[in-house]
Each structure stands twice: as structure tokens, then as C-alpha cells.
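First up is the structure itself, then whatever we jot down about it.
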2 protein chains.
Amino acid sequence: MLNTHIMKKKITLKQIARELDVSISTVSKALRDSIEISEDTRQKVQAFAKLYNYRPNNIALSLKNRKTKTIGVIIPEIVHHFFSKVIRGIELVANKRGYNVIIGLSNESFDKEVINMQMLANGSIDGFILSIAKETLQQQDYHHFKETINQGMPIVMFDRIVNEIHCDKVIIDDLKGSKNAVSKLLSNGCQNVAIITTKDYVSVGKLRTQGYLEALEDFKITPDTNLILKVDDELVSEDHLESLENEIEGLFQGNKNIDGVFAVNELYAIIAMKVARNLGMKIPEDIQFIGFTDGVLSKHATPSLTTVSQHGQLMGEKAAELLIDNLEREDEEEHYKTIVIATELVERNSTK
Amino acid sequence: MLNTHIMKKKITLKQIARELDVSISTVSKALRDSIEISEDTRQKVQAFAKLYNYRPNNIALSLKNRKTKTIGVIIPEIVHHFFSKVIRGIELVANKRGYNVIIGLSNESFDKEVINMQMLANGSIDGFILSIAKETLQQQDYHHFKETINQGMPIVMFDRIVNEIHCDKVIIDDLKGSKNAVSKLLSNGCQNVAIITTKDYVSVGKLRTQGYLEALEDFKITPDTNLILKVDDELVSEDHLESLENEIEGLFQGNKNIDGVFAVNELYAIIAMKVARNLGMKIPEDIQFIGFTDGVLSKHATPSLTTVSQHGQLMGEKAAELLIDNLEREDEEEHYKTIVIATELVERNSTK
DNA sequence: ATTAATAGCGAAAACGTTTGCGTGTTGACA
DNA sequence: TGTCAACACGCAAACGTTTTCGCTATTAAT
């Protein structure tokens with residue numbers, strides 16, 4: 001670059017050595033306070049290094065040590081409160097323990113998930129933390145996970161997991177969380193609680209539906225299939241929300257007696273509240289709502305939404321700890337853990 | 001690991017060479033279809049490599065080529081719609097052009113920003129994309145940026161920038177965006193438009209305030225300092241929102257004639273709407289609102305909020321393109337660009 | 001004065017690649 | 001038979017570290 005500024009390019013051991021007329025090894029040892037080196041040269045070298053702001057080249061270190069001190073994270077989507085909270089948690093403990101975080105987005109696509117993992121598995125990272133793409137869950141093709149693990153690269157899965165793969169896992173107690181939520185509605189006096197959930201291939205959706213059913217059973221209520229709305233995710237993508245609204249409106253119109261709604265995510269709950277209000281129902285007097293998530297919508301909606309909080313950041317922290325513990329473990333005895341994060345019912349104004 | 005599964009560790013050129021009884025160079029050349037290698041050995045090598053799923057070690061390549069094909073991104077916060085959209089944009093074009101993205105969070109702290117940059121600048125990445133932490137802006141200490149640039153590592157700044165540093169920049173037209181928004185309120189018949197903004201050290205807050213003033217001037221209205229509320233960011237952190245509500249309530253109570261509000265971000269606008277509603281005002285009949293952002297709150301609030309959209313993803317895309325173009329440019333002639341992203345007024349139900 | 005110990009430093013290997021160049025083996029041609 | 005390409009391959013350097021080993025000169029001990 002033709003700049004007039006003094007450009008201090010990054011300096012290497014070799015350059016320091018040449019400049020001070022010693023060997024590379026001497027410089028390296030001097031910088032690491034080796035006893036082999038005389039006080040004299042040590043100070044000389046350290047002073048010079050400080051002056052030129054020497055820092056060891058990370059890539060060279062990675063190559064030599066055969067570890068990169070970097071964690072690869074693959075998530076389906078980043079513009080999403082839950083996932084960004086998880087990342088924050090991962091980053092927090094990763095940094096504390098001297099690791100960097102490299103992000104790959106699968107965008108819910110199987111192919112992108114595979115490509116991204118391949119890009120990173122070639123030495124760029126020491127291990128993965130990931131949540132599986134919907135498409136992968138649908139296709140049930142998990143060979144890329146298996147191969148990665150077989151190559152000796154550890155994986156920690158969070159939230160969207162699959163039992164078939166043996167690795168560390170961090171999940172929330174979806175079943176208990178939703179069972180709790182629905183029980184809350186029932187003890188609040190709701191007689192006809194509907195659920196708005198996803199298709200069953202999304203594991204968390206399935207579990208939350210199951211929690212709903214178990215809560216009903218506890219209260220000796222026979223489930224009414226008319227009150228179970230399984231939304232097709234394709235429809236919700238981006239701005240095709242009208243169809244979702246229509247489905248929900250259909251649910252309400254077809255079942256005038258609904259007085260409680262449990263939605264497996266925040267958006268479904270918010271939209272359902274909107275539809276209900278448009279139909280003239282009063283919240284929470286006529287109908288109560290509980291959502292599932294720890295997003296920003298719930299807190300600032302009107303009325304604010306009672307939700308099952310997922311503690312995304314905590315999940316991220318746990319996942320990172322699990323992975324780094326594994327990476328730094330001496331003995332190679334593997335037996336994989338699954339950490340279950342408790343949910344918490346945050347009561348706001350959409351319930352009595 | 002004592003597993004019974006066949007463990008295929010990652011294979012290297014050296015191992016292939018030994019196995020096939022040829023030299024490392026031959027293997028390398030055979031895999032890259034060099035004409036120096038006979039058809040015979042080439043096929044043999046390629047078959048073997050495919051069988052063992054050989055992939056060149058990225059770290060070794062990075063060391064040899066002295067480029068990592070990785071972009072470092074430093075942002076103040078990731079649990080934030082705008083920033084995560086920017087990241088999505090960065091990731092999109094980075095991946096398309098064969099780059100990885102590594103994330104560092106400054107958490108609005110000067111120290112963490114410096115540490116993070118140092119961690120990454122030691123060879124781990126080829127260049128930075130960043131948005132400056134608030135604390136850094138307050139302290140006006142930019143030596144870490146200067147040093148990084150002096151070392152020959154390019155930086156692209158987005159959104160929160162500072163003129164003092166010479167580098168590529170991507171910003172949105174904050175001034176014009178807010179001017180537009182306020183003009184909209186005024187042409188909609190508002191006589192007394194208040195602004196809820198931040199302290200001036202946040203560059204975007206300052207610019208948006210300026211846009212507000214210019215719009216008033218265009219409409220021949222003398223600004224009323226009582227209608228300008230500069231919120232202290234410290235108060236808004238996490239859950240100290242009540243004080244913000246109180247401040248806003250004070251604003252409304254002290255100026256009963258307010259019939260339009262422009263807020264420099266989404267949250268301020270949402271909270272202001274809530275306060276207004278609690279005071280019995282009808283939106284948009286009695287009072288109209290416009291926010292600034294492209295968040296999820298605006299879309300799903302009741303009433304949905306008219307906002308100035310920032311096109312975060314586009315910013316990310318542009319920033320990544322700028323950086324990669326710079327990295328891959330042959331001629332070293334630098335002259336830095338500043339790309340201005342146009343805003344867009346998304347009209348919803350909080351305005352007439 | 002000879003030997004042993006020690007302090008202080010350098011050479012070289014290793015991590016996994018790519019690539020310019022050298023070299024041995026063919027076959028063709030004069 | 002001698003010369004020369006062309007072909008096919010290996011050697012070695014380079015990227016920037018760390019670390020083991022070995023060398024040399026000085027010192028201490030006998």
C-alpha cells in the first residue's frame with residue numbers, strides 16, 4: 001500500500017531473530033521465560049518484542065498443536081431470539097475459557113448444514129455445537145453427524161436433537177414445560193384448552209404436544225382433536241402469516257367454547273391473541289394464553305404474554321462447557337451426557 | 001477412544017503417500033490434476049483419497065497461503081434483531097464467496113472489544129467487519145482500530161462508525177430516514193411532534209435527532225426542547241424499563257398537546273405507545289407513532305408500528321462485499337468507500 | 001592441569017500443505 | 001550407438017511456531 005503512514009506489519013520470530021542476531025529458538029525461549037536463556041538476552045528480546053507488538057501467529061500454533069481453540073456453531077437461523085441467546089451463552093463461556101466461536105447458518109436446509117460442517121471440519125475447529133435443521137429432521141439423514149463424530153471431532157447438540165446420534169446433548173424439558181403450562185391454564189379454570197403446535201417431525205413440537213396431552217389426562221379431560229392445531233411450518237415462513245391467521249380463526253370459529261390456548265412458540269401465541277381480540281374476546285377474562293419461548297415479543301405484547309421460558313443463554317453456556325470439557329479431557333473414556341434445562345413459567349397478563 | 005466402531009481419523013497427504021508408496025508431492029499433484037502425474041497414479045491416488053474422504057487441512061493451507069478465508073465480526077450484542085440481521089447478510093455473501101465468519105461480542109464494552117480484536121488479529125482472520133461499542137464511542141479511544149489497519153488488516157465498519165478512522169464504511173442514511181419519518185407525521189397533520197432519542201454520543205442517535213430538527217424546519221416549526229427526550233441508555237439495560245416508562249409518561253403529562261411521536265428505536269416506540277394507551281389516548285386518532293428499526297416488535301405490536309426500516313441484512317451483505325473485494329484486490333491502491341443504505345418507511349397502523 | 005558440570009545458545013524436526021526444480025527412465029531419431 | 005525430449009516422479013523449501021537434543025565455552029572441582 002502506498003500509504004505515507006508507518007506500516008508495522010505483523011512481526012514474526014524469524015524477523016526478531018534476524019534483527020537481534022540470535023536464533024529463532026532463542027527468541028521463542030526468551031519470550032516464554034525459559035531458564036535456558038540468559039537474563040540479558042531475555043530482556044533484550046522481550047523489549048524488542050514489546051516494541052514491535054509481537055504476537056504469536058495463531059494459525060502456526062494451531063497447526064503445531066493440532067488444536068485450534070475454536071468452536072464451530074451450526075444453527076438453523078440467527079435472526080431468532082432463542083438462537084441468538086444460545087450463541088451469547090456459548091460465546092460467554094468460550095471466551096472465558098480461551099476459545100473463539102465460528103458461526104455457520106444452515107438456514108434450515110440439509111445441504112447447507114452438510115456444506116457448513118464440511119467447511120469447518122477440515123481442521124478449522126476443534127468441535128461442534130449445533131441444532132439440527134428442520135429439513136435434516138424431515139429427511140432423517142444424519143450421516144454427516146456420524147462421520148464427524150467418527151473422525152474424532154466431538155459434537156454437542158442442543159434443543160433440536162436426535163436420539164440416534166450418540167453425543168453430548170443439552171435440551172430443555174419440553175414435556176414438563178408444556179405440561180406445566182397447560183396445567184396452569186386448567187387450574188386457572190379453563191375448560192377447553194386448545195394447542196397450536198407444529199408438525200410432529202419437529203421433535204420439540206411433538207414433545208410439547210405430548211405435555212399438553214398429559215396435562216389433560218391429569219385433569220381427567222378427554223382430548224378433543226378439534227382443539228389441536230398442527231401448523232405447517234412452510235406457511236409461516238417470512239410473511240405468509242395471513243394463512244396462519246386464517247387457520248387460527250378457523251379454530252376459534254369452529255370451537256366457540258375455547259377459553260385457553262397454549263402455543264408452542266411465541267409468534268403463534270401473539271397471532272392467536274390478535275385473532276381472538278379481533279373476534280371480540282377479552283384477554284384474559286374470556287380466554288387465556290400461554291406461549292413457549294423467552295423472546296422479546298412476549299414481554300412487550302399487549303397484553304404481555306405468559307410464557308414458558310427456555311433459558312436459551314443457559315443452554316448455550318452448558319453446551320459450551322460440555323464441549324470444552326470434552327476437548328480438554330485427558331482420559332478418552334467417553335460416555336455422553338444429556339443435560340436437561342428446567343423451564344420456568346413466567347406469568348404475565350395473558351393469564352389470570 | 002475405546003469405541004468398537006471403526007474410527008476413520010482425518011487422513012493426511014503423508015499417510016496417503018506412505019500407503020500408496022509414492023511421495024507427498026505426487027499425491028498433492030495427483031489430487032490437483034497436475035499434468036506432471038501419469039493417468040495411472042492419478043486415478044489410484046484419487047480413488048484412495050475419495051475412499052478415505054480426504055480433505056486438505058485448512059489450517060495448513062492458511063499458514064501456507066497466509067490467508068485464512070475467514071472474516072472476523074465484532075458486534076456489541078447479538079441478541080438484537082438488527083445485528084443478527086446484519087450477521088445473516090454477512091454470512092450469506094461470505095459463504096457464497098468461500099469465507100467463514102467468526103463472531104466476537106464486545107457487549108458494548110471497550111475492553112472486550114480490544115481483547116476480541118487482539119484474539120482474532122493474530123492470524124486467525126483476514127479482515128474485520130465491526131460496529132463500535134458504546135463505551136468505545138464514549139471514551140473516543142480508537143487506537144485498536146488504527147493499529148489493526150496499520151498492520152495491514154482491513155476493517156469495514158457498519159452502522160456505528162467514526163469519521164476519524166479511515167476505512168470502508170456502510171451506514172444507513174439516518175438523517176434522511178428520520179427526516180422522512182418526521183415529515184410524514186407532520187404531513188399527516190401532527191402539530192406537536194415529540195422525539196424520544198438517545199444521548200448524543202451514540203452517533204446514530206445524534207443524526208436521527210438532527211433529522212427530526214431538519215424536518216421541523218422544513219415545516220417552519222420552531223423546535224420545543226420540552227418535546228425532545230434524550231434517554232440515558234444505562235436505564236434501559238435489561239429490565240429497568242419502568243424508569244423509561246416514567247420518563248415517557250412525564251413527557252406526555254408535561255405536554256398534553258403531543259400528537260405525534262418519533263422514537264429512534266423500536267423499543268422506545270413500543271413503550272411509548274403503551275404509555276399513551278394507558279393515558280387513554282387513541283392510536284393513531286389522537287396520537288401517531290413512528291419507530292426506527294426493522295425489528296419483530298413493530299410488526300406484531302398492537303397497533304402495528306410504522307417504522308423506518310434499516311435493511312440490516314443488506315448492510316451486512318454490502319459490508320462483506322466491501323471487505324472481500326478489498327481482500328481479493330490485486331492492486332494495492334486504497335481509497336475507502338462509504339456505502340449509504342437507503343431507509344424505507346414501512347407504513348403500518350400507528351399512523352394515519 | 002585434567003575432567004566434569006553447567007550455562008547459553010543453535011540446529012532441526014514437526015504440524016500439513018503447495019510448488020519450482022532436479023533427475024532418472026523411457027523412447028525416438030539421427 | 002549416442003543425443004535429446006518427454007514423461008513421471010521426488011526433493012526441498014516455505015508458511016510460523018515449539019521443543020528436543022546437541023554443541024561449545026566457561027566455570028568449578030579434583
Side-chain angles (χ1 to χ4, degrees), chain A residues 9-46 48-49 52-70 119-126 151-153, chain B residues 9-46 48-49 52-70 119-126 151-153:
Chain A
K9 270 271 183 198
K10 288 215 71 56
I11 199 173
T12 69
L13 286 188
K14 190 191 282 194
Q15 297 170 42
I16 301 185
R18 194 183 310 141
E19 213 66 32
L20 261 47
D21 207 39
V22 290
S23 77
I24 295 180
S25 4
T26 302
V27 177
S28 175
K29 289 171 187 167
L31 290 176
R32 322 195 106 250
D33 287 326
S34 161
I35 48 161
E36 288 186 45
I37 304 299
S38 72
E39 187 61 22
D40 233 31
T41 42
R42 205 184 52 174
Q43 295 199 351
K44 201 172 53 179
V45 170
Q46 294 193 350
F48 193 90
Y52 280 86
N53 194 28
Y54 169 79
R55 306 250 180 254
N57 181 306
N58 238 317
I59 296 291
L61 285 179
S62 296
L63 184 58
K64 182 146 197 12
N65 302 331
R66 279 130 115 234
K67 56 178 74 168
T68 61
K69 290 265 182 181
T70 303
M119 264 190 92
L120 297 182
N122 301 323
S124 301
I125 61 163
D126 296 338
Q151 289 186 352
M153 176 159 302
Chain B
K9 270 270 183 200
K10 287 214 71 56
I11 199 173
T12 68
L13 285 187
K14 190 192 281 195
Q15 297 171 42
I16 301 184
R18 194 184 310 141
E19 213 67 32
L20 262 47
D21 205 41
V22 290
S23 78
I24 295 179
S25 8
T26 302
V27 177
S28 174
K29 287 172 185 168
L31 290 176
R32 324 196 105 251
D33 287 327
S34 161
I35 48 161
E36 288 186 45
I37 304 300
S38 72
E39 187 61 21
D40 234 29
T41 42
R42 205 184 52 174
Q43 295 199 351
K44 199 172 52 179
V45 170
Q46 293 193 351
F48 192 90
Y52 280 86
N53 195 28
Y54 169 79
R55 305 252 180 253
N57 182 306
N58 238 317
I59 296 291
L61 285 179
S62 295
L63 184 59
K64 183 150 198 8
N65 302 330
R66 279 133 112 233
K67 55 177 75 167
T68 61
K69 290 267 183 180
T70 303
M119 264 190 92
L120 298 182
N122 301 323
S124 301
I125 61 163
D126 296 338
Q151 288 185 352
M153 177 158 302

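Note: hydrogens, waters and symmetry copies are ignored here, and every other heavy atom, side chains too, is used. Letters A, B, ... are given to chains in the order of the sequence lines, protein chains preceding strands, and every chain is numbered from 1.
The listed nucleotides are dT17(D), dC9(C), dC9(D); the one nearest the side chain of I37(A) is dC9(C). Side-chain proximity of R66(A) to the nucleotides dG16(C), dT18(C), dA8(D) is greatest for dG16(C).
Distance OH (Y52(B)) to P (dG16(C)): 17 Å, rounded to an integer number of Å. Residue I11(B) contributes atom CD1, which lies 13 Å from atom C1' of dG16(C) at whole-angstrom precision. Between L13(B) atom CG and dA14(D) atom C1' the separation is 16 Å, expressed in whole Å. Rounded to an integer number of Å, the gap from CG of N58(A) to P of dG16(D) is 14 Å. Rounded to an integer number of Å, the gap from CD1 of I35(B) to P of dA8(D) is 10 Å. Atom CG of N57(A) and atom P of dC15(C) are 18 Å apart (whole Å). In this structure, R55(B) atom CZ and dT18(C) atom P are separated by 14 Å, rounded to whole Å. Rounded to whole Å, the distance from NZ on K14(B) to P on dG10(D) is 15 Å.
Nearest approach of I59(A) to L63(B), heavy atoms of both residues: CG2-N, 3.6 Å. Of all the heavy atoms in T68(A) and D126(A), the pair that sits closest is N-OD1, 2.7 Å. Nearest approach of P56(A) to L61(A), heavy atoms of both residues: CB-CD1, 3.9 Å. Of all non-hydrogen atoms in M153(A) and I125(A), the two that sit nearest each other are CE-O, 3.4 Å.
Heavy atoms of other residues, nucleotides or ligands lying less than 6.0 angstrom from NZ of K67(A) number 12 at most. Heavy-atom contacts from other residues, nucleotides or ligands closer than 6.0 Å to CG of D21(B) number 12 or fewer. The environment of OH in Y52(B) is sparse: at most 12 heavy-atom neighbours from other residues, nucleotides or ligands sit within 6.0 Å.
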**Item:** side chain to side chain contact (heavy atoms under 4.5 Å, CB included) evaluation trace for N57(A) with T12(A)
**Value:** CA-CA 8 Å; N57(A) 181 306; T12(A) 69; over 6 Å; no
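Nearer the 5' end of DNA chain D, as judged by each residue's closest nucleotide, is the contact made by D21(B), out of L63(B) and D21(B).
Each end of the helix from dA1(C)-dT30(D) to dA30(C)-dT1(D) gets its own axis from five base pairs, and the two axes differ in direction by 80°, given to 10 degrees.
Interatomic distance, CG of N65(B) versus CG of N58(B), reported as 9.5 Å (0.5 Å rounding). Annotation: the span from R42(B) atom CZ to D40(B) atom CG amounts to 10.5 Å, rounded to 0.5 Å.
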Return the polar atom pairs (N/O with N/O) between nucleotides 19-27 of chain D and the protein under 3.5 Å, or none.
{"unit_1": "dT20(D)", "atom_1": "O4", "unit_2": "K29(A)", "atom_2": "NZ", "d": "3.2"}

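Backbone-only contact: T41(B) has heavy atoms under 4.0 Å from sugar-phosphate atoms and none from a base. In this structure, L61(A) reaches the sugar-phosphate backbone alone: every heavy-atom distance under 4.0 Å involves primed, P, OP1 or OP2 atoms, never a base.
One finds no side-chain N or O of R42(B) lying less than 4.0 angstrom from the OP1 or OP2 phosphate oxygen of dA8(D). In terms of phosphate contacts, S23(B) brings a side-chain nitrogen or oxygen within less than 4.0 Å of OP1 or OP2 of dG10(D).
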